[in-house]
Amino acid sequence: MLGSSSSSSSKGGGNNNCDYSFKILLIGDSGVGKSSLLVTFISNFVHDLSPTIGVDFKIKMVTIGGKRLKLTIWDTGKIDMIKPTLCN
């Protein structure tokens with residue numbers, strides 16, 4: 001997983017209901033369970049999932065140490081199909 005963080009200001013046009021915003025990108029081979037991991041983390045429930053084609057994302061708000069965190073988690077799928085295009 002890759003992640004980055006940015007502090008959110010209440011004065012700017014950003015998200016006013018969190019202290020920090022993290023963007024997380026799930027990457028890996030097809031069929032290894034990236035979508036299952038994401039759905040389990042977001043909803044604590046696992047069900048049959050169709051393969052992800054392209055990109056999907058989910059948002060979860062959590063509080064850690066009194067700080068509100070916004071997690072935007074991007075789930076990639078079928079990247080192996082478009083990888084040659086990205087490399088050219």
Side-chain angles (χ1 to χ4, degrees):
M1 278 196 287
L2 302 175
S4 66
S5 71
S6 61
S7 181
S8 183
S9 170
S10 61
K11 295 179 185 176
N15 189 355
N16 295 333
N17 60 353
C18 69
D19 296 302
Y20 296 98
S21 176
F22 290 89
K23 294 168 182 64
I24 302 163
L25 177 63
L26 300 177
I27 57 174
D29 293 334
S30 295
V32 297
K34 297 177 298 293
S35 297
S36 295
L37 178 69
L38 177 57
V39 170
T40 301
F41 178 69
I42 296 296
S43 66
N44 295 323
F45 178 74
V46 179
H47 58 278
D48 291 333
L49 298 172
S50 300
T52 304
I53 298 175
V55 180
D56 187 18
F57 75 95
K58 304 278 189 253
I59 296 173
K60 182 169 184 168
M61 300 295 291
V62 295
T63 302
I64 298 177
K67 299 288 185 180
R68 297 261 309 146
L69 308 177
K70 176 184 177 184
L71 307 177
T72 304
I73 307 170
W74 294 85
D75 177 23
T76 60
K78 297 292 182 186
I79 294 300
D80 51 331
M81 291 174 54
I82 62 170
K83 189 185 243 182
T85 306
L86 295 174
C87 294
N88 288 334

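Inter-residue side-chain proximity for Thr76 and Trp74 is flagged as unmet; no heavy-atom pair is nearer than 4.5 Å.
The minimum heavy-atom distance between Lys34 and Asp75, with the atom names listed, is CB-OD1, 3.5 Å.
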Result block: side-chain N/O donor-acceptor pairs under 3.5 angstrom for residues 53-67, not counting sequence neighbours:
from  : atom 1 : to    : atom 2 : distance (Å)
Asp56 : OD2    : Lys58 : NZ     : 3.3
Lys60 : NZ     : Phe41 : O      : 2.8

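We find the CG-CZ distance between Leu71 and Phe22 to be 7.5 Å, quoted to the nearest 0.5 Å.
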